[in-house]
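Written out below as structure tokens is the structure these notes cover.
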Amino acid sequence: MDKYLILQADDFGYNEAQNAAVSELLEDGLITSASVLAPAPGAEGAAEFLKRKNLSAGVHWALTTDGGRQTWQSLSRSPSFENGLPHEGKKLTFGARRRDVRAELEAQYDFLASRGIAVDHADSHSGALYGINLRRFYIDAFDICARRSLPYRFPKSPGFLSAQLGRPAPSAIVSVQKRIVSLGEARGVLMPDELFTNPQSVNDIGGIDSLRKYYLSVIENVPQGVSELFLHPALPYEGAEPSWQKRVWEYEILKSGCLVEKAKALDVKLISWARFGEMGRQNK
């Protein structure tokens, strides 16, 4: 069986620095896909670029505001989000109603579709739809994906969980993960076999060389089937938090072309989310 890898940039639309990096990488063919953070300040700019270049993209579903003082808008204006998307995950866990979450997910999908952009998959910002907040929002995500024929980012293998934890995932967590996968499969939702990213903070990485080595190692160890490696590349900007440096390093690593070159050298086939969806439909 062949090895396929989706090389993905998340958070398109986060801000101008993110948009500039992701746009450049897409144009240069150094990533294969991106997903748009519809509630974020730069979302219109991301959508305009995609429309101008006739590119598809994913919807990067967000239910919380990520960093900074500015609260991201709610596109649905539903009661749970009438003051915008919360900064704290616990407010989502204890305060959001399922019907409001579903309305917000639909509104964020519509943001792209209404601008003439083909939505080629869905994924979750900060894991809010993966069950880590003890809410079953993943069911709402699966239902929308099934109705829209969208592939969804959720790994069928527990390897991603172990990588995030830095140790083998406990059997209870693996059991939950398998149950979530089965719920998606029962609805006919296409999911990748494995996911990869770097879970470390900028302080723990040790520098760009360590981060580059990590991502090259990911490509060297891509399993058979379809995997996704997702990063958050961005340019530097004045006033950025220290944690932003990781995004800048990821941009520099991708811009160098070393990940694409390594994949080609190892016969790892780089594909887009759109292509993954076509493969899934062909196999039905």
Side-chain angles (χ1 to χ4, degrees), residues 8-14 33-44 46-47 50 56-66 71-155 179-181 183-192 195 228 230 232 273-274 276-277 280:
Q8 157 94 357
D10 281 2
D11 286 2
F12 199 15
Y14 192 106
S33 291
S35 57
V36 177
L37 198 53
E44 286 289 0
L50 293 166
S56 64
V59 54
H60 195 52
W61 276 327
L63 296 175
T64 56
T65 295
D66 184 10
T71 298
W72 290 348
Q73 62 182 320
S74 163
L75 301 189
S76 65
R77 307 294 184 182
S78 54
S80 296
F81 305 112
E82 60 184 355
N83 295 318
L85 303 185
H87 288 260
E88 298 180 11
K90 65 181 182 181
K91 290 185 177 180
L92 178 68
T93 298
F94 297 108
R97 292 181 290 189
R98 286 276 300 277
R99 64 175 177 269
D100 293 343
V101 166
R102 187 179 289 256
E104 184 63 29
L105 301 184
E106 291 279 16
Q108 292 181 23
Y109 171 91
D110 290 341
F111 173 88
L112 291 175
S114 66
R115 286 157 178 77
I117 297 164
V119 182
D120 56 31
H121 77 284
D123 52 49
S124 175
H125 183 68
S126 298
L129 300 174
Y130 295 158
I132 59 176
N133 51 19
L134 304 181
R135 296 295 301 273
R136 290 160 58 88
F137 299 144
Y138 48 82
I139 294 177
D140 304 292
F142 281 141
D143 286 345
I144 295 172
C145 285
R147 190 170 68 257
R148 304 284 191 181
S149 298
L150 296 178
Y152 185 58
R153 173 196 286 165
F154 194 89
R179 187 161 67 250
I180 293 174
V181 169
L183 289 170
E185 291 181 330
R187 289 163 170 79
V189 176
L190 188 65
M191 293 170 281
L195 298 182
E228 183 201 36
F230 64 93
H232 303 79
W273 271 102
F276 177 42

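Computation of the quantities below employed the complete heavy-atom set of this structure, encompassing side-chain atoms and omitting hydrogens, waters and symmetry-equivalent molecules. Numbering starts at 1 and runs along the sequence shown.
The two residues D100 and S80 come nearest to each other via the heavy atoms OD2-OG, 2.5 Å. The minimum heavy-atom distance linking Q73 with P39 is given by the pair O-CB, 3.2 Å. The two atoms that bring G13 and A40 nearest to each other are O-CB, 3.3 Å, heavy atoms only. Minimum heavy-atom separation, D123 to S35: OD2-OG, 3.2 Å. Minimum interatomic distance between L150 and V119 (heavy atoms only, all atoms of both residues): CD2-O, 3.3 Å. Pairing each heavy atom of V36 with each of A57, the nearest pair is CG2-CB, 4.2 Å.
A donor-acceptor distance shorter than 3.5 angstrom exists from the side chain of Y14 to the backbone of D66, with no hydrogens or angles considered. No donor-acceptor pair under 3.5 Å is formed between the side chain of S56 and the backbone N or O of D120. When atom types are taken as modelled, the side chain of R135 and the backbone of G131 share no donor-acceptor pair closer than 3.5 angstrom. Listed for the S124 side chain is a donor-acceptor partner under 3.5 Å among the backbone atoms of L129.
Taken from CG in L112 to CD1 in I117, the straight-line distance is 5.0 Å, to the nearest 0.5 Å. The line from CZ of F276 to NE2 of H121 is 10.5 Å long, rounded to the nearest 0.5 Å. Distance check, rounded to the nearest 0.5 Å: CG of L105 to CZ of R148 gives 11.0 Å. Taking OG from S126 and CG from L37, the interatomic distance works out to 8.5 Å, rounded to the nearest 0.5 Å. Going from atom CG of L92 over to atom CG of L63 covers 5.5 Å, rounded to the nearest 0.5 Å. The line from CD of E88 to OG1 of T64 is 10.5 Å long, rounded to the nearest 0.5 Å.
Figure legend: cation-pi geometry between R153 and F230, with NZ or CZ positioned under 6.0 Å from the six-membered ring centre and within 45° of its axis. At least one test fails for R77 against the ring of F81: distance under 6.0 Å to the centre or angle within 45° of the axis.
Each of E104, R102, E82 was compared with S76 under the side chain to side chain donor-acceptor pair (under 3.5 Å) criterion, and only E104 meets it. Remark: of the listed residues L134, I139, D140, I139 is the sole one forming a side chain to side chain contact (heavy atoms under 4.5 Å, CB included) with R136. The only option from Y130, W61, F137, Y152 that meets the ring pair (Phe, Tyr, Trp, His ring centres under 6.0 Å) definition with F142 turns out to be Y152.
The shortest distance between side-chain heavy atoms of H60 and Q108 does not fall below 4.5 Å. Contact annotation: the side chain of W273 approaches that of P192 to within less than 4.5 Å [non-hydrogen atoms, C-beta and beyond]. Counting heavy atoms from C-beta outward, I180 and F154 have side chains that approach closer than 4.5 Å. Between D10 and H125 the shortest side-chain heavy-atom distance does not fall below 4.5 Å. Between F12 and H232, every side-chain heavy-atom pair lies at or beyond the 4.5 Å cut-off.
Atom CZ of R97 is surrounded by more than 12 heavy atoms from other residues, nucleotides or ligands within 6.0 Å.
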